[in-house]
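In what follows, a structure is listed as structure tokens, so that the remarks can point back to it.
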Amino acid sequence: MNIFNQIIRGILFLALAIFGMAMAFVFMISTALAIGILYIVARIKGRPFGVKAYWAERRHASDGKGVFKNKDVTDIEMREIP
């Protein structure tokens, strides 16, 4: 009976390992597909595709275009929590 339990555990572990590898493979393929789509869109729009270009664009976009341009707060709502 002990050998039978070991065989069942081994089969279940092997099935779980194969299922996990299949999920990882699907995740890698979908990530590669998404990066490919982003690359094609960047090429069509004429923008460079890369980390440096992304951070440079984000840095320039946030220079003075922040949500709080004026540092004065004019409206505050307070609630008392019991």
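Treat the numbers as computed from the prediction; the structure is a model and nothing was measured.
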Between atom CD of Q6 and atom CE of M1, what is the distance when rounded to the nearest 0.5 Å?
-> 12.5 Å
Atom CD1 of I35 and atom CG of L38: how far apart are they, to the nearest 0.5 Å?
-> 7.5 Å
What distance do I18 atom CD1 and M21 atom CE have between them, rounded to the nearest 0.5 Å?
-> 5.5 Å
Using the ring-ring contact (aromatic ring centres under 6.0 Å, His included) rule, collect all pairs that involve residues 19-46, keeping only residues at least two apart or in two chains.
-> Y39-F49
Distance from I7 atom CD1 to I3 atom CD1, nearest 0.5 Å?
-> 6.5 Å
Connected to I37, directly or through other members, by ILVMFWY side-chain contacts below 4.5 Å are L33, V41
Mind checking who shares a hydrophobic cluster with L16, ILVMFWY linked at side-chain heavy-atom distances under 4.5 Å?
-> none
Members sharing L12's hydrophobic cluster, built from side-chain contacts under 4.5 Å between Ile, Leu, Val, Met, Phe, Trp and Tyr, are F4, I8
